[in-house]
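Just follow the structure's listing: the first ligand is 1, and inside any ligand the first atom is 1. Quick note: numbers below take in every heavy atom, side chains included, and nothing from hydrogens, waters or symmetry partners.
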Amino acid sequence: MTAYMDHKNLANEVIDDVRAVQIADGVHRVLDRIASAEQHAGRDAGSVRLLAATKTRDVGEIMAAIDAGVRMIGENRPQEVTAKAEGLMARCAERGFALGVAGDSGIASASGDSEVACERIPFHLIGQLQSNKIGKVLPVVNAIESVDSLDLAEKISRRAVARGVTVGVLLEVNESGETSKSGCSPAYAIRIAQKIGTLDGLELQGLMTIGAHVSDETAIRRGFEHLRRTRDRILASGEPGTQSCRELSMGMTGDMELAIAEGSTIVRVGTAIFGERAFI
Ligand SMILES: *Cc1c(COP(=O)(O)O)cnc(C)c1O
């Protein structure tokens, strides 16, 4: 178990007003950055979705982000998904939002007027997933963005089929080649994606990458551009199960403008919303 989980009660739901305002300001600043980057790149307003990267944040902090306009969240660790899911789903349901698979199964709307459509808040897993943790996340998450091998995809597929569900999958590609990063080699991405497309219980929704950890903006952009071209080639292949491979999850606090200029459809942002992380 990660050490910081011993320091902080991630299920905590009560935060003070100062913290809530800080988080709301962070969300508004990020939404403004996204809107101007869309405009600057000549892209449609609303074509880039904000995913709040909520690792190390508690339920109260995450709900403050949702109250300020966040409509998609992503966790890195299955343990954190488990620690927060119940509280998050309950607090979201109170506000008329269906979080995670609650949106797929209609749990959140079942208690109220069934005619009232809940707004969905997708819940993604964005960090590495060990195969023995697949069962922990499937009851909660709509999509797993960190699938980096056919082997892992096959294991998720078997578990999803056994549960009778379909889970979204993004193939994570290590565009920077940095050894510290997970993700499959760009050279194999197309073939792996095409095979994932054929697996039952999975919907191949797109590709994910983490930008190069360098100061050279040209190098960072090159990785994002390559991910976009890879996505385009997968779509153009017309292979079975590749038609929904549209998402490009790329861009974080430090490089979201570059990613949006290269076609990102989901930016994953933590620090710019919540501030520096105290742990990890
Ligand atoms: C933490 C994290 C982010 C967000 O990073 P920030 O720099 O805090 O915005 C995005 N993607 C992944 C996979 C992460 O682990």
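- Atoms of ligand 1 lying under 4.0 Å from at least one heavy atom of V269, given by number and element, are 9 (O).
- Counting the atoms of ligand 1 from 1 in the order shown, those under 4.0 Å from a heavy atom of G270 are 4 (C), 6 (P), 8 (O), 9 (O).
- A donor and an acceptor atom, one from each side chain of E247 and T265, are located under 3.5 Å apart.
- Among M256, K55, R268, the residue whose heavy atom lies nearest to atom 2 (C) of ligand 1 is K55.
- In terms of protein heavy-atom proximity, atom 13 (C) of ligand 1 is closest to I126 O, 3.5 Å.
- Regarding atom 8 (O) of ligand 1, its nearest protein heavy-atom neighbour is T271 OG1, 2.6 Å.
- Looking at E172 and T209, their side chains never bring a donor and an acceptor atom within 3.5 Å of each other.
- Ranking protein heavy atoms by distance to atom 9 (O) of ligand 1, first place goes to T253 OG1, 2.5 Å.
- Near A53, the atoms of ligand 1 lying under 4.0 angstrom from a non-hydrogen atom of the residue are 3 (C), 4 (C).
- The closest approach between R277 and ligand 1 falls below 4.0 Å for a heavy atom of the residue.
- Atoms of ligand 1 lying under 4.0 Å from at least one heavy atom of N76, given by number and element, are 14 (C), 15 (O).
- In this structure the side chain of L129 reaches within 4.5 angstrom of the side chain of I134, judged on heavy atoms.
- Of all protein heavy atoms, the one lying nearest to atom 10 (C) of ligand 1 is M252 SD, 3.2 Å.
- In terms of polar-atom proximity, M208 is not counted as a contact of ligand 1, lacking any N or O under 3.5 Å from an N or O of the ligand.
- For the side-chain contact (heavy atoms from CB on, under 4.5 Å) test, residues two or more places apart in sequence or in another chain that qualify with M252 are I210, D255, R268.
- For K133, the NZ atom is densely surrounded, since the number of other residues' heavy atoms within 6.0 Å is greater than 12.
- Other residues, nucleotides and ligands place more than 12 heavy atoms under 6.0 Å from the NE2 atom of H28.
- In this structure A219 satisfies the side-chain contact (heavy atoms from CB on, under 4.5 Å) test together with V214, D216, R222, sequence neighbours excluded.
- Between the side chains of E203 and T166, no donor N or O sits under 3.5 Å from an acceptor N or O.
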